[in-house]
Amino acid sequence: MSAPERSEDPFWDALRTTTQSRIGLGRTGDALPTRRVLEFAAAHAAARDAVHQPLDADDLLARARDLGIGEPVVVTSRATDRGEYLRRPDLGRAPADLTGLSPLPDGVADVALVLADGLSPRALTDHGVALAAAILAALPADVTVAPPVIATQARVALGDHVARALGARTLLVLIGERPGLSVADSLGIYLTHRADPEDFGAGVTDAHRNCISNIHPPEGLGYADAARIAAGLVVGARRLGRSGVDLKDTSRAELEGADLRGLD
């Protein structure tokens, strides 16, 4: 006969309302309570499902049209399926074909917007278009944005190739983050200014990018706050002439009276 499960401690009950972390789980005898073990197993299954769930590119394409910045284009990486994508990160960073992309007819775009499935297609499905709309609303009015690109089997660096093909100065990649045991639908934004290896000597690395992570309202960062930070980083990158470790989030100050005319 198993030992009875101990009642929950009010101290831990109160703390659990402030975090999604697993804290104060209690015990039954010398083991975790059955309920906690089942919750862990369910969270693990949800994380695995989020990684392997295929992106419905056609549905996302239809919703991305409502952003109003042009006809979306779908590109894919050199990874031929989800299994290869997970085994070969290098293939996820390289595009299979970019012939459908070209610079804007009236000049260089200020921003390229890439919606990538990453390690959680579910996150992109749930949050991608709404977050993109919030970013477009937060950007200064004089910023030109290329038509959105939907990238499948994609890693962050795939966006560098897209930005170069579009002739865009600043790249924003909205990508599904690696699912965890607390959150399986978190989205991240990666910003790179002038995503061209020639501008960085040895090539573009993570040190040349800025990241905004943990976007998954209502528990995580909300769309409006994430968009405000992203827009501030876009303005800051244009003023600084680069992104990455030298670019800090001064979004509130950057967006006040921002004027990007004449900036690179």
message: Could you measure the distance from the CG atom of D185 to the OG1 atom of T125? Nearest 0.5 Å is fine.
response: 10.5 Å
message: For a side-chain contact (heavy atoms from CB on, under 4.5 Å) check, start with the C-alpha distance between S243 and R194, then their side-chain angles and the critical distance, and finish with the verdict.
response: CA-CA 8 Å; S243 56; R194 294 192 174 279; over 6 Å; no
message: Does anything in residues 116-129 form a salt bridge (charged side-chain N to carboxylate O under 4.0 Å, His left out)? List the pairs, not counting sequence neighbours.
response: R82-D117, R122-D126
task: State, with a plain yes or no, whether a side-chain heavy atom of I69 is found less than 4.5 Å away from one of P147.
output: no
task: Look at E39 together with R36 and state whether they make a salt bridge at an N to O cut-off of under 4.0 Å.
output: yes
statement: Taking every heavy atom of A151 against every heavy atom of L158, the minimum-distance pair comes out as CB-CD2, 3.7 Å
field: Contacts of type side chain to side chain donor-acceptor pair (under 3.5 Å), residue T152, not counting sequence neighbours
entry: T76
- request: State plainly whether one hydrophobic cluster holds both I135 and V234, where clusters connect Ile, Leu, Val, Met, Phe, Trp and Tyr through side-chain heavy atoms under 4.5 angstrom apart.
  value: yes
query: What's the shortest heavy-atom distance between A132 and L67, and which atoms?
result: CB-CD1, 3.9 Å
task: Assess the side chains of H193 and T170: does a donor N or O sit below 3.5 Å from an acceptor N or O?
output: yes
V204 vs T192 side-chain heavy atoms within contact, under 4.5 Å: yes
query: For S213, which residues count as a side chain to side chain donor-acceptor pair (under 3.5 Å) partner, sequence neighbours excluded?
result: none
task: Answer yes or no: is there a side-chain heavy-atom contact under 4.5 Å between T34 and T28?
output: no
- prompt: How many angstroms lie between atom OG of S186 and atom CZ of R178, to the nearest 0.5 angstrom?
  reply: 11.5 Å
- prompt: Hey, quick one: are V156 and L115 part of the same hydrophobic cluster, counting side-chain heavy atoms closer than 4.5 Å, chains of contacts allowed?
  reply: no
Those residues that, when tested against R88, pass salt bridge (Lys or Arg N to Asp or Glu O under 4.0 Å) (two or more places apart): D90
query: Is there a side-chain contact (heavy atoms from CB on, under 4.5 Å) between Y190 and N210 once you walk through the steps?
result: CA-CA 6 Å; Y190 287 82; N210 294 85; over 6 Å; no
Set of residues satisfying side chain to side chain contact (heavy atoms under 4.5 Å, CB included) with respect to L61, sequence neighbours excluded: R65, P72, V74, I150
- prompt: Are any non-hydrogen side-chain atoms of V111 and T144 less than 4.5 angstrom apart?
  reply: no
query: Is there side-chain contact between L91 and T80, with heavy atoms separated by less than 4.5 Å?
result: no
- request: Give me the other members of the hydrophobic cluster that L181 sits in, counting Ile, Leu, Val, Met, Phe, Trp and Tyr linked by side-chain heavy atoms under 4.5 Å, directly or via other members.
  value: F40
query: Would you say V235 and P140 make side-chain contact, with heavy atoms under 4.5 Å?
result: yes
field: Side-chain donor or acceptor of H208 paired with backbone N/O of T205 under 3.5 Å
entry: yes
- request: Report yes or no: do L174 and I215 belong to one cluster of Ile/Leu/Val/Met/Phe/Trp/Tyr joined by side chain heavy-atom distances under 4.5 Å?
  value: yes
field: Minimum heavy-atom distance between G180 and A47, given as atom pair plus value
entry: O-CB, 3.7 Å
Greater than 12 external heavy atoms within 6.0 Å of H52's NE2: yes
query: With sequence neighbours excluded, what pairs up with D56 under the side chain to side chain donor-acceptor pair (under 3.5 Å) test?
result: none
task: Would you check if there is a donor-acceptor pair between the side chains of Q153 and S77 at a distance under 3.5 Å?
output: no
Listed partners of R48 passing side chain to side chain donor-acceptor pair (under 3.5 Å), at least two apart: none
- prompt: About how many Å separate CG of L139 and CG of D110, when rounded to the nearest 0.5 Å?
  reply: 9.0 Å
query: At what distance, to the nearest 0.5 angstrom, does CZ of R35 lie from CG of L25?
result: 9.5 Å
- request: Can you sort out the partners of A134 under side chain to side chain contact (heavy atoms under 4.5 Å, CB included), two or more places apart, ordered by chain and number?
  value: Y223, A227
message: As an exercise, state the distance from CG of L60 to CG of L124, rounded to the nearest 0.5 Å.
response: 5.0 Å
Minimum side-chain heavy-atom gap L172-I189 below 4.5 Å: yes
Any pair counted as salt bridge (charged side-chain N to carboxylate O under 4.0 Å, His left out), so long as it reaches residues 207-221, sequence neighbours left out: D160-R209, D206-R209
query: Taking only residues two or more places apart in sequence or in another chain, which ones pass side chain to side chain contact (heavy atoms under 4.5 Å, CB included) with L98?
result: V75, P95, L101, H161, V162, A165
query: Taking atom CZ of R16 and atom CD1 of I23, what is their separation to the nearest 0.5 Å?
result: 6.5 Å
task: Check for a donor-acceptor pair, side chain of T18 on one end and backbone N or O of L15 on the other, with a separation under 3.5 Å.
output: yes
- prompt: What pairs with D225 under side chain to side chain contact (heavy atoms under 4.5 Å, CB included), at least two apart in sequence or on another chain?
  reply: L221, R228
- prompt: Can you get from V114 to L191 by hopping between Ile, Leu, Val, Met, Phe, Trp and Tyr side chains that sit under 4.5 Å apart?
  reply: no
message: Check for me whether R155 meets the cation-pi criterion with Y85, that is, NZ or CZ under 6.0 Å from the six-membered ring centre and within 45 degrees of the ring axis.
response: yes
For the student: nearest non-hydrogen atoms of A184 and A50, plus distance: O-CB, 3.5 Å
field: Shortest non-hydrogen contact between A154 and A116, atoms and distance
entry: CB-CB, 3.9 Å
message: Under the criterion side-chain contact (heavy atoms from CB on, under 4.5 Å), I'd like the reasoning laid out for L136 against V145: C-alpha separation, chi angles, the key distance, then a yes or no.
response: CA-CA 8 Å; L136 293 174; V145 183; 3.9 Å; yes
- prompt: With hydrophobic residues grouped by side-chain heavy-atom distances under 4.5 Å, do L187 and L119 end up in a single group?
  reply: no
- request: Assess whether side-chain contact (heavy atoms from CB on, under 4.5 Å) is satisfied between L240 and D246, documenting all intermediate values.
  value: CA-CA 8 Å; L240 189 64; D246 294 325; 4.0 Å; yes
message: Can you confirm whether D13 sits close enough to T17 that some side-chain heavy atom of one is under 4.5 Å from a side-chain heavy atom of the other?
response: no
task: Give the minimum heavy-atom separation between L104 and A146, together with the two atoms involved.
output: CD2-CA, 4.3 Å
